[in-house]
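Note on naming: letters A, B, ... go to the chains in the order of the sequence lines (proteins, then strands), and numbering restarts at 1 for each one.
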Amino acid sequence: MDFDFTEEEKVFRKEVDEFVREELPPDWDVKTSYWPAGYGTLAQMETEFADYASEFHRKIGKKGWLSCGWPKEYGGMNSWVKNAIVDEVMSYHRAPYGGVATWISGPTIIEVGSESMKKEWLPKIANGEATFWLGYSEPNAGSDLGSLKTRAVKNGDEFIVNGQKTWGTGAHVTDYCWLLAKTDPSARKHGSATLMIVDNKTPGIDIRPIENILGIHSFNEVFFDDVRVPEENVVGEINRGFYNVMLALQYERLIMGMGAFRRVLEELIRYVKETEYNGQLLKDDPLVRNKIASIAIEIEVIYSFYWRTAWAMDQGKFSETEASVFKLFGTELSVKIACTAMEILGLYGQLERGSKWAPLLDGWASIGYLDAISGPIGAGTSEVQRDIIAIRGLGLPRD
Amino acid sequence: MNFELSEEQKMLKKTAHDFLAKKYPKDLVKKLEESHKGYSQELWKEMAELGWMALVFPEEYDGIDGSFLDLVILLEEMGYNICPSPFFSTVILGGLPILMAANEEQKKELLPRIAMGELIITLALTEPNNGLEAKSVQVKATPSNGEYVIKGTKLFVSDAHVADYILCAVRTEDASDLERGITVFLVQAKSPGVQCTLLKTLARDKQCEVIFDDVHVPKENIVGTKGQGWPIIKHTLEKAAVARSAQMVGGAQAVIDMALSYSKARVQFDRPIGSFQAVQHHFTNMWADIIGSRNLVYKAAWKISEGGLAGLESAMAKARVGEAYRRVTILGHQIFGGIGFTKEHDMHLYHRLSMAGDLSFGNVDFQREMVATELGL
Ligand SMILES: Cc1cc2nc3c(=O)[nH]c(=O)nc-3n(C[C@H](O)[C@H](O)[C@H](O)COP(=O)(O)OP(=O)(O)OC[C@H]3O[C@@H](n4cnc5c(N)ncnc54)[C@H](O)[C@@H]3O)c2cc1C
């Protein structure tokens with residue numbers, strides 16, 4: 001056993017960290033926010049930051065850091081550990097990089113895409129020139145994705161898409177939809193859908209904003225009205241969409257903004273060292289010490305899942321159950337940390353960004369308290385994760 | 001023993017429930033929360049006509065002579081439906097300490113106007129980086145020519161931006177016993193030197209920073225006795241904790257009701273989501289949290305109504321509700337899934353209030369400490 005990084009990884013990590021520190025504007029910390037494992041406040045999904053984010057994302061692409069986990073033949077570094085290092089550092093600084101294209105689409109295309117698709121799309125994705133949003137969920141197909149209704153009908157060398165997607169995070173600031181649509185309604189649920197790439201600019205696509213509970217336009221409902229998609233945009237085999245989505249999930253699961261956990265802990269520690277309450281530094285209050293210790297332990301646990309998963313992926317030993325535990329534990333920990341932060345900050349915790357007296361990076365905790373709610377819902381709810389772990393992981397019987 | 005509400009209380013509850021449901025649709029609630037003033041003057045008048053501001057005051061001051069328990073029942077409904085207004089500040093933080101400690105002249109002057117809905121009053125207690133104990137009161141008032149001059153900053157003062165009067169707890173003398181030397185003043189909110197800034201809070205519940213910059217107050221405006229203000233504050237905090245807890249239990253009930261009806265209607269995997277065991281267990285946990293909390297709140301309110309000391313009951317109720325309401329809204333969000341994460345939905349209003357409620361008048365940690373003290377530790 002060895003819990004340490006290799007020398008090369010350490011050097012790499014330092015390089016990424018230095019680059020990001022240099023690159024981000026000095027007021028980035030109080031202009032943007034990101035809570036660990038939340039989906040509601042990613043800067044790259046907000047119109048306000050879209051131009052800057054896209055420029056930054058491309059710079060990261062030029063460095064080759066959007067595709068560290070990919071095989072070398074596709075321009076990658078063949079290291080999921082490096083990929084994990086990049087994401088940890090980026091999310092620590094809340095840097096606006098990455099997204100569906102690099103985390104989900106690229107790896108899926110590598111696994112199941114045709115040679116011509118790989119040639120066309122992988123370089124664009126790795127360079128940060130093509131960004132995607134995830135078109136899975138529909139108003140009546142959330143946890144039960146199998147019941148989706150958006151139809152793609154073959155017509156010559158095109159598909160014609162009709163239907164409605166919802167919760168499309170970043171649809172308004174990205175280039176393409178990573179769409180899952182029904183191609184064989186007569187088939188059983190899981191053999192009925194196909195993955196395809198759809199250009200957001202295609203006529204017939206109507207992207208409408210949805211404001212989230214933080215008042216941020218992060219997601220959208222998207223209507224497809226006779227949208228024509230060339231057949232070569234199909235990803236993998238026709239009617240194998242669900243299987244390909246499952247494949248993609250393993251890569252997605254590693255992405256939780258791990259560095260943000262470390263960052264919250266550091267900020268809280270700094271806060272309690274500097275802040276007096278009733279004439280006593282908070283750090284000397286046994287209750288506060290206990291609370292900080294408690295989340296620090298759990299953050300250590302989530303990090304252990306993180307590095308172990310990245311390592312296992314590099315060994316070809318990926319475990320779906322462990323990935324589910326990671327997602328479940330991390331998103332629920334995010335809620336716990338938000339509550340703990342509010343308990344420590346007391347009345348000040350409720351002060352929002354821009355308010356007089358707002359503590360901790362100008363009201364970060366109150367943002368977290370709202371954003372944290374999204375983690376245990378998005379990308380498969382906690383209830384669904386628990387089912388997966390119990391049934392597929394622990395072998396318990398289905399009802 | 002009798003765990004039932006009286007006929008009058010049931011009536012009050014129903015009237016309040018129906019009135020609030022009709023007059024405070026969630027669109028209006030959201031609009032009021034985002035507005036500067038934070039309440040509707042028109043509805044404020046209607047609430048006064050229903051006698052709500054008069055409810056807890058004696059008839060001799062144009063009140064209705066209701067009990068604290070009656071008030072708690074009304075507040076529970078106000079938490080259920082959410083009705084942004086300076087009711088809590090005016091009646092609980094303003095009216096009750098005046099009723100308890102003011103002299104006859106002050107009571108005659110103020111209470112009937114409170115009861116008629118003609119006055120908005122609040123309490124300025126909390127100070128920067130300080131808690132809710134006697135030692136936390138450090139802003140000073142110094143005597144000068146038969147007046148007092150207040151200088152200092154108070155924080156998290158509810159509704160001060162719309163208040164006519166602010167009850168302000170200050171230190172008038174340095175005593176070795178920190179519970180002594182605190183005086184409560186009745187300050188006209190528009191007095192020269194009073195600067196009020198609205199804070200932007202999670203629940204948009206109109207809390208303010210109030211700076212008292214050499215504010216002159218006549219000594220006739222002392223409420224109670226000079227130097228003996230702490231017991232007034234302490235008892236007001238006790239009542240406020242119970243009153244806030246009642247609102248919070250009402251809010252938690254609204255969350256479970258909303259989630260119950262949604263989970264019967266929302267279908268996934270060809271079944272209503274309420275038929276999944278995982279979801280059912282969430283409901284059971286929410287429900288147990290709510291009924292357990294409500295019992296504690298009623299008991300504390302009953303004790304206060306009976307005139308007994310309720311330090312322990314009040315602290316237990318607030319600690320328990322503070323935790324429970326937060327758990328309930330987090331589960332509520334979980335049950336609603338994606339739709340609950342939208343601004344348009346109502347769920348987040350309660351989620352915000354659950355935290356704001358816990359933080360107000362002593363959060364879980366503070367109240368547990370109070371319980372320990374009450375237990376003689
Ligand atoms: C902030 C945010 C961003 C998102 N971004 C995207 C995106 O970019 N693209 C995209 O396609 N989707 C996105 N989603 C959608 C997300 O994947 C869905 O919200 C999620 O899958 C849950 O679906 P639902 O909201 O329809 O809830 P439902 O499926 O209706 O679930 C409601 C409740 O029922 C429970 N439940 C459902 N089925 C079962 C069961 N079998 N057993 C036990 N309990 C069950 C759930 O756990 C939940 O508690 C996003 C969601 C959020 C909150």
From CD (A/Gln350) to CG (B/Leu199), nearest 0.5 Å: 8.5 Å

Find out whether B/Leu202 and A/Met342 are in side-chain contact, i.e. whether some heavy atom of one side chain is under 4.5 Å from a heavy atom of the other. yes

In terms of heavy-atom pairs under 4.5 Å with chain B, the winner among A/Tyr369, A/Phe219, A/Trp357 is A/Tyr369

Only pairs of heavy atoms separated by less than 4.5 Å count here; which of B/Gly340, B/Ser360, B/Ala203, B/Pro128 has the most with chain A? B/Pro128

So what's closer than 4.5 Å to chain B heavy atoms on A/Leu347: side chain, backbone, both or neither? both

For B/Ala278 against A/Glu383, the heavy-atom pair lying closest together: CB-CG, 3.9 Å

Which of B/His333, B/His282, B/His348 touches chain A most, by non-hydrogen pairs under 4.5 Å: B/His333

Would B/Glu133 and A/Asn278 count as a side-chain hydrogen bond (donor to acceptor under 3.5 Å, both in side chains) if you check the C-alpha gap in whole Å, the side-chain angles of each, and the deciding distance to 0.1 Å? CA-CA 9 Å; B/Glu133 291 128 282; A/Asn278 273 338; 3.2 Å; yes

Just wondering, do B/Leu155 and A/Tyr348 contact through their side chains at under 4.5 Å, heavy atoms? yes

Please classify the contact of A/Leu351 with chain B as side chain, backbone, both or neither, using a heavy-atom distance under 4.5 Å. both

Selection from A/Ile210, A/Ile367, A/Ile213 maximising heavy-atom pairs under 4.5 Å formed with chain B: A/Ile213

In Å and rounded to the nearest 0.5 Å, what is the CZ to CD1 distance from B/Phe341 to A/Ile373? 8.0 Å

Looking at chain B, which one of A/Thr381, A/Val335, A/Leu287, A/Leu370 has the largest number of heavy-atom pairs inside 4.5 Å, strictly under? A/Leu370

Of the backbone (N, CA, C, O) and the side chain (C-beta and beyond), which part of A/Leu282 lies under 4.5 Å from a heavy atom of chain B, both, or neither? neither

Could you measure the distance from the CG atom of A/Asn212 to the OG1 atom of B/Thr342? Nearest 0.5 Å is fine. 9.0 Å

Check whether any side-chain N or O of A/Tyr277 sits under 3.5 Å from a backbone N or O of B/Asn130 as a donor-acceptor pair, and report yes or no. yes

Side-chain contact test, heavy atoms from C-beta onward, threshold under 4.5 Å: evaluate it for B/Ile330 versus A/Cys339 and give yes or no. yes

Does any heavy atom of chain B fall under 4.5 Å from the side chain of A/Ala141, the backbone, both, or neither of them? backbone

Has the side chain of A/Asp144 got a donor or acceptor atom that lies under 3.5 Å from a matching backbone atom of B/Gln268? no

At a 4.5 Å cut-off on heavy atoms, which part of A/Arg353 comes close to chain B: side chain, backbone, both, or neither? backbone

Among A/Lys291, A/Glu343, A/Glu352, the residue with the most heavy-atom pairs under 4.5 Å to chain B is A/Glu352

Is there a donor-acceptor pair under 3.5 Å between the side chain of B/Asn129 and the backbone N or O of A/Glu276? yes

Below 4.5 Å, heavy-atom pairs only: which of A/Ser147, A/Ser143, A/Gly40 has the largest tally toward chain B? A/Ser143

A/Asn140, A/Thr166, A/Leu214, A/Leu345: which one forms the most heavy-atom pairs within less than 4.5 Å of chain B? A/Asn140

Between B/Lys135, B/Glu344, B/Arg326, which has the largest tally of heavy atom pairs under 4.5 Å with chain A? B/Arg326

For the backbone of A/Pro376 and the side chain of B/Gln334, can you confirm whether one donor and one acceptor N or O come within less than 3.5 Å of each other? yes

Part of A/Ser137 within contact of chain B (heavy atom distance under 4.5 Å): neither

Pick one of side chain, backbone, both or neither for A/Tyr39, based on which atoms fall under 4.5 Å of a heavy atom in chain B. neither

